[in-house]
Protein chains: 2
Amino acid sequence: MDETHTIAALAALAQPTRLRTFRLLVEREPDGIAAGELARLVDVPQNTMSAHLSTLAQAGLVRGERQSRSIIYRADLDRFRSVMLYLLQDCCGGNANLCAPLISDLTPCCAPTEAQAR
Amino acid sequence: MDETHTIAALAALAQPTRLRTFRLLVEREPDGIAAGELARLVDVPQNTMSAHLSTLAQAGLVRGERQSRSIIYRADLDRFRSVMLYLLQDCCGGNANLCAPLISDLTPCCAPTEAQAR
DNA sequence: GAGCCGATTCCTGAGTCCTTGAAACATGCC
DNA sequence: GGCATGTTTCAAGGACTCAGGAATCGGCTC
């Protein structure tokens with residue numbers, strides 16, 4: 001994950017329709033949602049949604065897969081996680097105070113299990 | 001932290017000069033850096049930097065404080081952290097798999113101490 | 001093949017962002 | 001006051017973004 005990719009991801013998420021869309025897709029992992037249903041859920045025309053999905057896809061945050069007539073979109077959690085990590089990296093390189101409270105806030109809801117810890 | 005503020009923060013960071021500037025400020029917490037020195041470090045004209053700093057300030061990510069002739073800018077880590085939390089919230093609300101590896105990646109460098117844990 | 005449906009592509013007008021020269025403002029020092 | 005320094009504000013042009021109507025494409029069913 002480098003600066004260019006991070007900028008693309010941030011720009012992709014810095015737009016109400018796209019942020020909502022992406023959050024819907026994160027919620028619905030790993031099932032995904034069809035493009036048309038996304039348009040309905042977010043209440044925008046299909047072509048508008050298509051343009052936004054293409055932005056998100058270009059940023060690597062979502063991926064679409066054709067399934068008969070529909071195209072099912074899914075969030076790429078790995079990519080999203082690495083964007084977050086890139087942004088939080090600085091804290092490791094000199095400012096542990098940034099991450100520590102964040103981890104504290106995050107841990108109660110979904111602490112890593114033994115199996116997941118590396 | 002609501003959607004509007006999050007969008008503003010993401011848009012503010014989704015620009016190379018501003019992202020670099022913000023990361024410099026995070027590194028240099030809690031000392032801060034003067035506007036002019038930031039312009040020199042990032043290699044942009046002073047007025048360009050001033051415009052970017054004003055965007056970052058409007059998003060709540062940085063704050064400037066006059067100190068004699070200079071204006072010292074500092075990153076607002078609390079604000080930044082709450083943006084991150086907003087983005088990661090979904091994982092708590094339905095998708096623990098997103099956060100767990102992130103916590104694992106983050107913990108080695110800066111685990112919360114007893115005093116900081118809530 | 002004909003028709004339909006889901007999705008994308010093309011296009012265009014309106015709006016916003018980025019940059020930078022020039023001007024203005026604030027502060028400190030003589 | 002006069003001047004230098006650090007910073008912001010103003011204005012303008014070029015580039016990019018967003019939304020949605022119209023046309024097009026791909027795939028299914030009959």
Side-chain angles (χ1 to χ4, degrees), chain A residues 3-25 28 31-76, chain B residues 3-25 28 31-76:
Chain A
E3 191 195 80
T4 310
H5 290 130
T6 304
I7 298 260
L10 290 172
L13 294 177
Q15 207 278 342
T17 303
R18 288 197 295 261
L19 183 56
R20 257 170 249 154
T21 302
F22 182 71
R23 301 188 103 210
L24 278 174
L25 288 173
R28 289 273 195 101
D31 299 344
I33 309 180
E37 199 191 336
L38 275 172
R40 237 171 294 122
L41 289 172
V42 180
D43 193 30
V44 296
Q46 264 188 345
N47 55 355
T48 301
M49 177 54 76
S50 180
H52 286 311
L53 283 171
S54 133
T55 303
L56 285 167
Q58 200 133 21
L61 291 168
V62 307
R63 245 179 304 207
E65 201 182 344
R66 174 139 240 151
Q67 196 163 310
S68 127
R69 266 188 294 207
S70 301
I71 294 183
I72 309 292
Y73 279 88
R74 295 189 43 199
D76 186 332
Chain B
E3 192 194 78
T4 310
H5 290 129
T6 304
I7 298 261
L10 290 172
L13 294 177
Q15 206 278 343
T17 303
R18 287 197 295 263
L19 183 57
R20 258 170 249 154
T21 302
F22 182 70
R23 301 188 102 211
L24 278 174
L25 287 173
R28 289 276 191 100
D31 297 345
I33 308 180
E37 198 190 336
L38 276 172
R40 236 171 296 124
L41 288 172
V42 181
D43 195 29
V44 295
Q46 264 189 345
N47 55 355
T48 301
M49 178 53 75
S50 179
H52 286 311
L53 284 171
S54 133
T55 303
L56 285 168
Q58 201 134 20
L61 290 168
V62 307
R63 245 179 303 206
E65 202 183 341
R66 176 138 240 152
Q67 195 162 310
S68 127
R69 266 187 294 207
S70 300
I71 295 184
I72 309 292
Y73 279 87
R74 296 190 42 201
D76 185 332

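Below, read A as the first sequence line, B as the second, and so on, with proteins coming before strands; counting in each chain starts at 1.
Of the candidates dG27(D), dG20(D), dT8(D), the closest approach to any side-chain atom of R69(A) belongs to dG27(D). The listed nucleotides are dT8(D), dA19(D), dC18(C); the one nearest the side chain of I71(B) is dT8(D). Nearest to the side chain of N47(B), among dA22(C), dA19(D), dT8(C), sits dA22(C). For H52(A), the side-chain atoms get nearest to dC18(D) when compared with the rest of dC18(C), dA7(C), dC18(D). Candidate nucleotides dA26(C), dT20(C), dG28(C) were compared by shortest atom distance to the side chain of R66(B), and dA26(C) ranks first. Distances from the side chain of A35(A) to the nucleotides dC18(D), dT8(D), dA7(C) place dA7(C) closest. Side-chain atoms of T48(A) lie closest to dA19(D) of the nucleotides dA19(D), dT8(D), dC18(C). Closest to the side chain of S50(A), from the set dT7(D), dT8(C), dG27(D), is dT8(C).
Following rounding to the nearest Å, Q58(B) (CD) and dT9(D) (C1') show an atom-to-atom distance of 14 Å. For L10(B) and dT17(D), the CG to P distance is 16 Å, given to the nearest whole Å. Rounded to whole Å, atom P of dG6(D) lies 16 Å from atom CG of L53(B). Following rounding to the nearest Å, L38(A) (CG) and dG6(C) (P) show an atom-to-atom distance of 14 Å. Computed from coordinates, the L13(B) CG to dC17(C) P distance equals 15 Å when rounded to whole Å. Rounded to an integer number of Å, the gap from CD1 of I72(A) to P of dT8(C) is 11 Å. In this structure, CD of Q15(A) is placed 12 Å from P of dC17(C), rounded to the nearest angstrom. Following rounding to the nearest Å, M49(A) (CE) and dT17(D) (C1') show an atom-to-atom distance of 17 Å.
Of the side-chain N and O atoms in Y73(B), none sit less than 4.0 angstrom from OP1 or OP2 of dG6(D). Contact check, Q46(A) against dG6(C): no side-chain N or O comes under 4.0 Å of OP1 or OP2.
Within 6.0 Å of CD on Q58(A) lie no more than 12 heavy atoms contributed by other residues, nucleotides or ligands. Sparse packing is recorded around CG of D43(A), with 12 or fewer heavy atoms of other residues, nucleotides or ligands lying under 6.0 Å away. Dense packing is recorded around CZ of R23(B), with more than 12 heavy atoms of other residues, nucleotides or ligands lying under 6.0 Å away.
Residue V62(A) forms a side-chain contact (heavy atoms from CB on, under 4.5 Å) with just one option from L25(A), D76(A), T55(A), I33(A), and that option is L25(A).
The two residues F22(B) and A75(B) make their nearest non-hydrogen contact at CE1-CB, 3.9 Å.
The residue S68(B) sits close only to the backbone: its heavy atoms come under 4.0 Å of sugar-phosphate atoms, none of a base. At the heavy-atom level, S70(B) lies under 4.0 Å from the strands shown only through sugar-phosphate atoms. Residue contacts for R40(B): at a heavy-atom cut-off of 4.0 Å it reaches no nucleic acid atom on any strand shown.
Where A51(B) and A34(A) meet DNA chain C, the nucleotide closest to each residue was compared, and A34(A) sits on the side nearer the 5' end.
Considering CG of L10(B) and CD of Q15(A), their distance stands at 11.5 Å, rounded to 0.5 Å.
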